[in-house]
Engineer: 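Structure in structure tokens, see below.
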Amino acid sequence: MPGPNTQILTSNKSPLTLSGDTLVVTIKKGDALKGDLLSKLNTLSKGGLAVLKSNGSLTGALGELVWLPVQNSHYKRVAIAGAGECKPSNYTEIKARDFFGNLSRKLRAANAGEVVMTIDPIVSALKSASLGSQAAAEGLILGQYRFDTHHTKKADKPKFTLGNITIATGTKAPASQLAKGATRGSIIGEAINTSRDLANTPANLMTPTIVAERAREIADQADIKIEILERSDAERLGMGSYLSVTNGSHQPPKFIVMTYKNGGPRKPIALVGKGITFDTGGTSLKPPGGMESMKYDMSGAATVISAIGAIARLKLKTHVVAIAPCTENMPGGGATKPGDVVYAMDGQSIEVINTDAEGRLVLADGIAYAKKVKNAGVILDVATLTGAMSVSLGDYRIGVFCNQDNLFRQLDSVAQSTGELIWRMPIDDYYNKQIKSEVADLANTGGRLAGSITAAKFIEAFVGDNPWAHFDIAGLMSAKSDSGIHIKGSSGVPTKSLIEYVAAKSAS
Ligand code: BES
Ligand code: MN
Ligand code: ZN
């Protein structure tokens with residue numbers, strides 16, 4: 001199972017009546033001796049807290065973690081965690097999640113064990129007990145994520161594992177709201193970590209067959225129907241575009257379809273994720289430098305599979321289908337050759353100019369299937385589609401191509417709360433001339449100029465009139481270092497935004 005084993009629990013009891021290895025009291029800047037709990041801790045530490053405050057060791061500054069010498073309490077150790085200014089006017093869930101992400105790693109490094117934690121300044125700053133505990137749960141779960149399955153030496157793993165964390169206030173925050181937020185945050189945090197695990201796992205251990213097995217486990221644990229289309233099914237359906245990418249590989253392709261229906265609209269929201277478990281480029285072979293990062297080329301599939309898992313666990317009143325066309329893109333005797341013409345499921349013909357532009361080929365049939373077989377309404381696709389995307393927007397904002405202003409506005413408002421920031425890219429029809437082919441309806445590449453846009457225009461040709469947004473996550477598929485909720489390796493982005501978008505559209 002993904003990520004840490006830590007569970008986030010809640011309690012309506014006062015922290016001093018509970019017990020555990022470590023009590024963590026969160027304070028904001030300047031709060032060092034305020035309130036009932038801190039005065040009691042000052043007494044239990046025989047005035048130690050006041051000393052730490054007066055000598056400047058305890059200020060409440062963001063990131064500060066001060067251990068108190070406390071005797072006769074229900075805890076082996078007590079720590080005060082500084083959350084910084086926490087002004088409601090400019091505090092955000094994003095700041096809160098990063099705070100808890102960093103805190104979780106500090107507590108793990110300090111071998112904090114079973115933790116009881118107060119989060120009052122965060123609840124006040126976000127003006128919501130449920131949002132506060134949700135941010136805490138997500139931050140604590142995401143921050144502890146690590147992918148160390150394949151290290152066999154102890155020295156390469158963190159020394160300690162953190163136990164369960166109980167969020168307690170004993171103050172004004174209603175316990176039911178705290179519990180609701182912690183459950184929601186745990187489900188979302190775990191889904192993002194699942195997505196990270198799927199993408200971090202090396203391609204020899206995350207073949208299309210294994211992705212399909214994982215998807216089946218997720219479906220079986222929730223109220224999700226799953227269909228795995230085999231090569232023969234894809235052939236019967238006429239998915240010549242998707243199949244053209246599978247030709248060079250010895251791994252059987254798997255076209256994964258997961259359906260969740262709990263009321264909701266007749267036409268499902270379709271989440272379509274690029275599932276290239278490894279992208280060598282195929283006949284148009286990539287240069288070797290950095291090619292190992294192409295294990296992340298199924299990140300789109302990973303996000304839609306884990307997002308629908310969370311949507312089902314949250315029991316949202318909605319109708320969603322997640323579609324992940326999975327295959328390797330390999331060179332091989334049978335591999336597609338530049339100039340080959342293939343036919344997508346909707347009948348459109350494609351000249352494959354470059355076999356390394358394979359993502360759009362699998363998405364074409366993913367989207368055609370969503371429309372024709374699943375009668376999709378809104379279509380959101382997620383793909384590590386173009387290197388050009390990281391040239392345009394770097395590793396901060398996801399490029400989003402969208403054919404409906406209203407849909408983009410909704411996605412942007414979701415993104416601003418999830419922190420998975422997006423930026424709208426153009427899709428003028430002007431660019432279509434670059435993907436015209438001499439011999440087929442479409443060419444799968446559009447030359448050097450505006451590479452991310454011509455890729456989006458190609459996909460749009462299969463979307464037609466459906467409301468649609470395309471997330472090109474090439475720039476954000478992996479993080480370079482640990483910071484806040486971000487952990488080196490697969491980012492899991494934009495799993496949370498997919499969940500929150502669907503949640504916002506669900507009946508309550
Ligand atoms: N998976 C790659 C895009 C990619 C590259 C994602 C680097 C993340 C990091 C995609 O399949 C690809 O190879 N795209 C080509 C398209 C080109 C041949 C038109 C690219 O970006 O070079
Ligand atoms: Mn490629
Ligand atoms: Zn690719």
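Whatever order the structure lists them in is the order used to number ligands and atoms, beginning at 1. Keep in mind it's a predicted model, so treat the numbers as computed, not measured. Scope of the values below: all heavy atoms of this structure, side chains included, with no hydrogens, waters or symmetry mates.
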Engineer: Does Met389 come within less than 4.0 Å of ligand 1, judged by its heavy atoms?
Structural biologist: no
Engineer: Protein N, O or S atoms at less than 2.8 Å from the Zn ion (ligand 3), how many?
Structural biologist: 4
Engineer: Write out the residue and atom name of the closest protein heavy atom to atom 8 (C) of ligand 1, then the distance separating them to 0.1 Å.
Structural biologist: Met477 CE, 3.6 Å
Engineer: Within the 4.0 Å heavy-atom shell around Ala474, which atoms of ligand 1 are there?
Structural biologist: 6 (C), 8 (C)
Engineer: Return the closest protein heavy atom for atom 19 (C) of ligand 1 as residue, atom name and distance.
Structural biologist: Thr445 CG2, 3.6 Å
Engineer: Using a 4.0 Å heavy-atom cut-off, which part of Leu385 comes near ligand 1: side chain, backbone, both, or neither?
Structural biologist: backbone
Engineer: For Trp468 and His470, take the angle between the two ring planes, folded into 0 to 90°, and tell me which bin it lands in: parallel under 30, tilted 30 to 60, perpendicular over 60.
Structural biologist: parallel
Engineer: For atom 16 (C) of ligand 1, tell me which residue out of Lys286, Met291, Arg360 has the closest non-hydrogen atom.
Structural biologist: Arg360
Engineer: Could you tell me the residue and atom name of the protein heavy atom closest to atom 7 (C) of ligand 1, and the distance to it rounded to 0.1 Å?
Structural biologist: Met294 CE, 3.6 Å
Engineer: If you round to the nearest 0.5 Å, how far is CD of Glu420 from CZ of Phe471?
Structural biologist: 9.0 Å
Engineer: Could you tell me if Arg108 sits above the aromatic ring of Phe160, with its cationic atom closer than 6.0 Å to the ring centre and no more than 45 degrees from the axis?
Structural biologist: no
Engineer: Among all protein heavy atoms, pick out the one at the shortest distance from atom 2 (C) of ligand 1; state its residue, atom name and that distance to 0.1 Å.
Structural biologist: Asp279 OD2, 3.6 Å
Engineer: Going by the order shown, which atoms of ligand 1 are within less than 4.0 Å of some heavy atom of Thr384?
Structural biologist: 1 (N), 2 (C), 3 (C), 6 (C)
Engineer: Looking only at distances, please establish whether an N/O atom of ligand 1 is found under 3.5 Å from an N/O atom of Thr386.
Structural biologist: no
Engineer: Assess Met298 for proximity to ligand 1: is some non-hydrogen atom of it under 4.0 Å away?
Structural biologist: no
Engineer: In terms of atom number and element, which parts of ligand 1 are under 4.0 angstrom from non-hydrogen atoms of Glu358?
Structural biologist: 11 (O)
Engineer: As a test of understanding, state which of Thr303, Asp472, Asp279, Asp297 forms a side-chain hydrogen bond (donor to acceptor under 3.5 Å, both in side chains) with Lys274.
Structural biologist: Asp297
Engineer: Counting only nitrogen or oxygen atoms and a 3.5 angstrom limit, does Lys274 reach ligand 1?
Structural biologist: yes
Engineer: Provide, to 0.1 Å, the distance between atom 12 (C) of ligand 1 and the closest protein heavy atom, together with that atom's residue and name.
Structural biologist: Asp356 O, 3.2 Å
Engineer: Does Asn354, backbone or side chain, put an N or O under 3.5 Å from an N or O of ligand 1?
Structural biologist: no
Engineer: For atom 21 (O) of ligand 1, which of Ala383, Gly290, Gly387 has the closest heavy atom?
Structural biologist: Gly387
Engineer: Strictly under 2.8 Å of the Mn ion (ligand 2): which protein N/O/S atoms qualify?
Structural biologist: Asp279 OD2, Asp356 O, Asp356 OD1, Glu358 OE1
